[in-house]
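Down below is the structure, laid out as structure tokens.
Only heavy atoms go into these numbers, but all of them, side chains included; no hydrogens, no water, no symmetry mates. Each residue takes its place number in the sequence, starting with 1.
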Amino acid sequence: RRCATSSSSAAITPMPMASTCPKSMAGPGLTVHKPSVIEKMSPMRSVLAACVLACAACAAPTPRVLTGIDVLEAQGFQELRGKRIGLITNHTGVDSKGRSTADILANAPGVSLVAIFAPEHGIAGGSDGETVSSSTARIAGRDIPVYSLYSGGIEGMRPKHGDLAGLHALVFDIQDIGSRFHTYLTTMGMALEESARANIGFFVLDRPNPINGVAMEGPLLDDLNLRKISARSFYAVPIRHGMTAGEIALFYNAEVKNSELRVIAMRGWSRPLWFDQTACLGRRRLRTYRHWTRRRSIPASRSSMPVTSL
């Protein structure tokens, strides 16, 4: 009963019965039908057994989603070989084994990680201040400069031209929440703009939309002048936009026109999946999204707010 009501794919259908032949009629070309175990049961027990089999089919294992960093590793880092790169990341940038993207790229053959850019809350995700300071990080036995992308105000979220000097590309790997109320995708959009101005490449290591890629909620932002004053009003999308970081980058690049944009797509992700259905190891380390399931109600609860107040 539970199975029949919980999933349309598990609807119980009558089992086809093979043509039977009485034993006395058996002969050349004829076979005697032997009833299956379920056919021997009483009607009620037969239905229960069929339901158990259907429920087993329902209980398929959680699909394993490979994020952009996993795919990049599997491809031998071919897209980044021979490049000096800067990485925009934080504590959510991890592969399926729990290793940070910064560690992976710092040790990747043929790749030179020379700078890290820290968004709101810093690379460790633990800063709740109004700004994030620049610093250094000890990775793979060497000190790598960490440049702040949250140094104050809207313009403080852009990579500085001098910080991009000598780079061949920027790489973005941050898990977003799926709504405009967080600043990470705005950071990505601004970095995409600055990479175009600096004539360097821009790579997005894609990750799932944690509140699925089907539903959209809330008003559509139609006053793009707001992007000059609010980091939460940067894209012409609804509050709950239903897109991944890579899709947002491709969407916005129609305006930016950075010919060097590359999205390293995921494998195994499908739009209806919620984050807890993806088997992404990273969810265990999402401090900012520790209670991510509560975020399901955020877009709907604020969808009646005037867009100019966001």
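The backbone N or O of Gly189 lies less than 3.5 Å from a partner atom in the side chain of Tyr235, making a donor-acceptor pair. No donor-acceptor pair under 3.5 Å is formed between the side chain of Ser151 and the backbone N or O of Ser148. Under a 3.5 Å cut-off, the side chain of Glu120 and the backbone N or O of Val132 do not form any donor-acceptor pair.
Between Glu193 and Arg158 there is a salt bridge, since at least one side-chain N of the basic residue sits less than 4.0 Å from a carboxylate O of the acidic one. Note on Asp103 versus Arg99: no salt bridge recorded, every NZ/NE/NH1/NH2 to OD/OE distance being 4.0 Å or above. Under a 4.0 Å N-O distance rule, the pair Lys97/Glu73 does not qualify as a salt bridge.
Residues Phe234 and Tyr252 bring their aromatic ring centres within 6.0 Å.
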Fill in: Ser96/Arg64 under side chain to side chain donor-acceptor pair (under 3.5 Å): CA gap, chis, key distance, verdict
CA-CA 9 Å; Ser96 59; Arg64 185 187 178 207; 3.0 Å; yes

Item to complete: Given side chain to side chain contact (heavy atoms under 4.5 Å, CB included), test Val114 with Ile85 step by step and report yes or no.
Response: CA-CA 6 Å; Val114 299; Ile85 64 169; over 6 Å; no

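No side-chain donor-acceptor contact under 3.5 Å links Thr92 and Arg207. Judged by distance alone, the side chains of Asn209 and Thr244 never bring a donor and an acceptor atom under 3.5 Å apart.
The aromatic rings of Tyr147 and Phe117 sit tilted relative to each other, their planes meeting at an angle between 30° and 60°.
A 4.5 Å side-chain heavy-atom check between His241 and Ser179 finds every atom pair outside the cut-off. The shortest side-chain heavy-atom distance between Leu87 and Phe172 does not fall under the 4.5 Å cut-off. Between Pro272 and Ser270, some side-chain heavy-atom pair lies under the 4.5 Å cut-off. Two residues are said to be in side-chain contact when any heavy atoms from C-beta on lie closer than 4.5 Å; Ile69 and Val94 fail this criterion. In this structure the side chain of Arg240 reaches within 4.5 angstrom of the side chain of Ile211, judged on heavy atoms.
The side chain to side chain donor-acceptor pair (under 3.5 Å) with Asp173 is formed by just one residue from the set Thr67, Thr101, Asn90; it is Thr101.
In this structure, Arg262 fails the cation-pi test against Phe203, since its NZ or CZ atom is not both closer than 6.0 Å to the six-membered ring centre and inside 45 degrees of the ring normal.
In Asn199, the CG atom is not crowded: 12 or fewer heavy atoms of neighbouring residues, nucleotides or ligands sit closer than 6.0 Å. Within a 6.0 Å radius of CD in Glu130, no more than 12 heavy atoms belonging to other residues, nucleotides or ligands are found.
Of all non-hydrogen atoms in Ala74 and Arg267, the two that sit nearest each other are CB-NH1, 4.4 Å.
A continuous path of Ile, Leu, Val, Met, Phe, Trp and Tyr side chains, each step under 4.5 Å between heavy atoms, connects Leu167 with Met157, placing both in one hydrophobic cluster.
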